[in-house]
Amino acid sequence: MGPDLIFVLRLADGSKKPGPSYKRSHTVVGVLAARKYSLFRVVASFSANTNLKRCLDKNPDEEEDRGCQPIASLNMTLVKQLTRILSLVAFLEGLVRMSSKPEVDIEQWEAQRGNVGKLEILGGHVVAAEAADPTGLEEIAKEYQTKEPYGVAQETLGWLYHMRFNTTSDMSALEKSLLHFQAAVDDAVDKPVCLPRRQQALAFTYSLLYKETSVLDYINLSIQWFHLAVNGCHPDSPLLSLWVKRLGAAYLQRYLQQKNLGDLEQTHKYDKAALELISSEHPAFLKFSQGVAQSYCARFERLGNVEDLNKGIEVLHGAVKRSPGGHRDIPEAWRCLSMLYAHRFKYEGNEEDIETVITLRKLAVQRTSLGTSEHIFYTQLLAKAYGERFKFFTSFDDLELSIKYFQQAIQEAPPEEPIYADLLEDLGIALMHRDQTIGGDENIKLALRYIEFSVNSLSPGHEKIPYSQRNLAMTYIKRYTSEGNIEDLKKGHILLENALEALSPTDPLRYYFHDSLATVYSLYYDQTGDLHNLSLQVDQHKLALGSMPPTSYDASCSERNIANGYATRYRRLGDHKDLDLAIQYSQQSLQHMSQDHGDNPLGKRILARLYCDKFQRYNKMDNLDTAMKLQRDALNAIAENDLKRPSFLNDLALFHVAYFNVTKDQAHLEAGISLMEVCINLESTSTYYKTLAIITGLIYEVTQNTYNLIVSMMICEIAIQKTHKDDPMLYVFLAKCFSVLYFNSNELSSVENAYCALHYYKASVFSASILPSEQFDAAMAWASFAMSLNLSEAITAYSSALGSLPNILWIGNSLGDRHNSLIKLNIPDLVSSAVAAAVKFNNIKCAVEFLEQGLAITYRQMLELRDEPTLLLKKYPKIGLELQQISLKLQEIDNPFKEIKKDYHSLVIRQKDIIKDIRILPGFEDFLLPKSFEKLYEAAKYGPVILLNASSAASQAIILLPSIHESASNPLSVPLPDATIANLKDHCETLKKALRIHNIFSRDTERWGKPSYPRSAELSHKMFKDLLSWLWVAIVKPVFDVLEINNIHSGRIWWCPSGLFTFLPIHAASPKSIFIQSYITTLDSLIKARVPKTSIASSIGLAAIGIRNIPGKPHLHLSFVNKELHSIKKVIPSANILCDSKATISNVLETIENYEWLHVACHGEQDGATPLNSCLQLYDGNLSLSQILAKALPKAQFAFLSACQTAMGSSNLPNESLHLAGGFIVAGCQAAIGTLWSMKDSDGPKVAELVYQWLLDHKKTLDVHATAEALHFAVQSLKDAGAPFEQWMPFIHVGS
């Protein structure tokens, strides 16, 4: 902006030497206070058509009396310097401490009618205004109060107090100035010549008050008065452009506080209007153009439209071209222009833009004199430009040039000036980058020293402190990553927390601090593996994204960071939602940058990794194809000498490995080897040797050439030597290699190879840095190898594998995700193998513990959330209550009625932390840990419990005897040699065929039980008979024989089957009904089912729900449901009946919460593909297993599910008891009756009436613990009445 006043100075000694340089923050008052210059005259508010330009082009010191008025004789070089470095200012900036004349004349060209008003301020009054003692000014003020005209006196006092504030920062002086200007304005209401000038002075004073206090009313009043001044100004006044410009500046001040887009648009509007009011010949044209360009830049920062940058560049570039080459504002215009190009470079990543930035800043450095503040400042900016180019293109030469220019600027800067500390800090940051690039202790030491100096040089409360603290924090963090001293990371953390606390909530750079804090949490996570830190990392990146404009070019970086956080958590926990979010944020990040952006290759590389993760999860080749394309595009987009190139090559090699694992095409291995050779030649790191070892290991698998195996092991050893931290996967790799060598080696070396394999397996499994999924795989490999050696340490290996499951089956994931993980991990095989190993090494108690850990895993997780920690709440209520509240929130995860919007991972992490704290408390050391055998055998308190296990090695029954039995503490293992996996599969298939022959698919009367073809009834009868005969001989008789040996001949027994046993009607195998048989899902579920319900009702209520007809589905009509409901009502008159239209989903859900006993007669369906969708078909839709599991039924005791397939489990997850009966047990019932397959409709009324009548006849009440005996009686009645196998066999009892 061009000046509205010129300060005419003389050297005190009369010489003609040019004046020294001044910091741009200095005012004329400060210059003259040094007593090197005296004020000759102040000429203000000249118009563009005056002879000012001609006077500036000449030197009156050489040509006396040229008629170049109004400027008198002066040193023109000095004038040019001053007007170049001083911004547009009000009159107060022209008033000086010393004057060579007794008074200062301020000539003002007025806006109205071309009239000229004149204010005269005596030099002595100026001195009094700026004196430390206010007494002199107070006396002058009294004198002015009596002067006439009143308005002129008030205006003069306004300026005097303005001067005082400007010199002493005395806020009371500024407030008095405001009062006097207000009085002057009030006096000028009928004097249009003076009014706009005084309104403008009042507006400017309000803007100063706002700047000092941040009180919004002040800037609002400033804008109001500026508007009045501008509106009252004559259109031809030379002052109009300046006042319009200042109006825009006031809007900008308000925008910076409130971020109201309308204020920014007003700023831009008035900046443009001010520029349009002057010609390109005007001395202020370049400054005003710069202002317009800066407002375009502000619009870009807010709206993210790169076209604003382009327009700003166009405006300012054009103004520079039209300005004389020697124009005093050219260097500053170059600086501003360079900032626009720098913004565009960050947004688009175009290398030409950063080249232009460097060129413009070089020109600014060359135009200014060595040692001047401008030269130092522009050199600093040039150094920063080289640093920015280094960050994007990683050219070490750019970093060295950045350091060089920072050092040059430091040599020029006076140590007492603030810029000196700023430069040291900048140099420290550059040295930190140098250390990161080439290492060297000296670089990081100097970086810390310089930045600490900068921080310590700042006075308390200085606005720059948070920024310097952040830089110091990042340097400590960098040293931590190099040297591993955790104290450095802690120091960085504390500094960042302090910096964020001191930072204004509206600071536009706040997101940098959040991103830095996210880095701290990321490093904490790497150090400890604590998932809480990982969640905090993601949270901080989200805060960073939320604290920047949505269109900011830095948004892409934050989105990329968030994607990385979710990706890390996905790889740890396996939650598909994290993978989806990671891909979403990664794609958004790429969308927010151009194809030419320097970060575009990195963004594509990250997205490629995520698609590879997606391929590994879903095994869909299109995901791997996408990953490969993205990675190749990313690699092609980076320079050959880019420091990141090796990591891109490594990822591409790993994608080739993924292709090989699917296609077995050796060309992928050859491509991988070629890539890794290039990679390692560029940079030799542990990661790259690890990849090379994996590929050479795969080559061995193809060629079976031991030489390749030895080479891969040697490469792996190099990788281990080069790593700075524990890498358990390298240990696993070596363990597998040694195990292969063991099987292929001669007798002498085999022992050593076996020992090495076992050593590395243990090292990997017990590594603190291993991921749960990796630990599971390593433990399973260890167990398998130990079993091949016939070593009992296989039990320890299996225990480690089972112990990793809670961290893999993360409770923060949905139930469906956990079921998918169970299938993927093949948990049934793990459990059966672990049990068989424990039995083999005669550790039967451990076998029981293993089987319990592997049964109904997800159900047990749900029950842990629902169990009220009564004892904990009693002894430690505070921590108990917090755990209870978190558990209640976590139950929402599997509630299908709730839309999950929360991030439950942080809740789960907090829950795990609380549980750790609880286990420290006396008496709670095993809180929520898998139960020991000593607690589990309580399940056999009222009768034997028989656990069934089948593995490829052997099958066995394990019997827990009643607690009153003398051998209760020693479980009995019963070999079942005929119950091999193959035989079990064959007989499961036999059962399916027999059921298909009878068309047993659903509860109906039209097709149920009708043979598919002639004589098929005889065939199915034979199948059922043969099946039961085999079950008796292979499974049941061996168990009963052992029971008889132990003097147990009758009473209750409970079957706890696993694997293929869960699909067979074991309860039906005995020729004689000597035992009352039930099934249980786990031992713990039976123990809990025996805990009495705390019901306040005086009597037990039963609700009977029946569906005869479903609207629109006539083929699902059930004729006997009505009879079934009537038979129940006959036996139990108090029963509440919900039939057909009353049996809606909402009514049924409400009912099951309020009744102790439930009877449901309808169609049931087991969904084999998605067990959680298994359902009861009600009047208005399906009541799914997931909906039942979401309910907590504290009153419920018993559920009679007179429907099809209500106790049929999932073929994929046999151990999980994923059926409707199991669901009601988890929801709160103590026992349930269900069906293994479809039941006959007409059997429903018979069995129901027999069960309820037997209970009332024999127990006189609805006794849940007698329901098994009642069902036994009902089924026996069906058998006695001649019912065929398929009718009486499906009914089973589950629970207490």
**OP:** Mind running side chain to side chain contact (heavy atoms under 4.5 Å, CB included) on Tyr937 and Val848 for me, showing each step along the way?
**Re:** CA-CA 9 Å; Tyr937 88 84; Val848 172; over 6 Å; no
[X] versus [Y], closest heavy-atom pair with distance:
X: Ala950; Y: Ser832; answer: O-CB, 3.0 Å
X: Cys1056; Y: Leu855; answer: SG-CD1, 3.5 Å
X: Leu1083; Y: Ala939; answer: O-CB, 3.7 Å
X: Phe1291; Y: Gln1287; answer: CE1-O, 3.4 Å
X: Ala1196; Y: Lys1093; answer: O-CE, 2.8 Å
X: Ala954; Y: Ser951; answer: O-OG, 2.8 Å

**OP:** May I ask you to test the His987-Leu1031 pair for a side-chain heavy-atom distance under 4.5 Å?
**Re:** no
**OP:** Walk me through it: do Ser1296 and Gln1230 pass the test side-chain hydrogen bond (donor to acceptor under 3.5 Å, both in side chains)?
**Re:** CA-CA 6 Å; Ser1296 173; Gln1230 295 169 285; 6.0 Å; no
Can a donor-acceptor pair be found between the side chains of [X] and [Y] at a distance below 3.5 Å?
X: His1265; Y: Thr1267; value: no
X: Gln956; Y: Ser973; value: no
X: Asn1182; Y: Gln1177; value: no
X: Asp1026; Y: Ser1029; value: no
X: Glu849; Y: Ser932; value: no

Subject >> Flag if over 12 foreign heavy atoms under 6.0 Å of NZ, Lys845 >> reply: yes
Subject >> Trace of the side chain to side chain contact (heavy atoms under 4.5 Å, CB included) decision for Leu1236 with Ile1292 >> reply: CA-CA 7 Å; Leu1236 284 177; Ile1292 66 168; 3.9 Å; yes
**OP:** Run the numbers on Glu1269 and His1293 for side-chain hydrogen bond (donor to acceptor under 3.5 Å, both in side chains), then give the verdict.
**Re:** CA-CA 9 Å; Glu1269 193 172 354; His1293 182 270; over 6 Å; no
**OP:** For side chain to side chain contact (heavy atoms under 4.5 Å, CB included), just list the numbers for His1049 and Phe1075, CA-CA rounded to whole Å, side-chain angles, deciding distance to a tenth of an Å, and then say yes or no.
**Re:** CA-CA 8 Å; His1049 308 289; Phe1075 290 105; 5.6 Å; no
Subject >> Face-on cation placement of Arg996 at Trp1237 ring, 6.0 Å and 45° thresholds >> reply: no
Original post:
What class does the angle between the rings of Trp1032 and Phe1040 fall in, given that below 30° is parallel, 30 to 60° is tilted and above 60° is perpendicular?
Top reply: perpendicular
Original post:
Under 30°, 30 to 60°, or over 60°: which ring-plane class applies to Trp1254 and His1258, parallel, tilted or perpendicular?
Top reply: parallel
Subject >> Ile795 backbone acceptor or donor facing Ser799 side chain under 3.5 Å >> reply: no
Subject >> Distance in Å, Trp1157 CH2 paired with Ile1128 CD1, rounded so as to fall on 0.5 Å steps >> reply: 11.5 Å
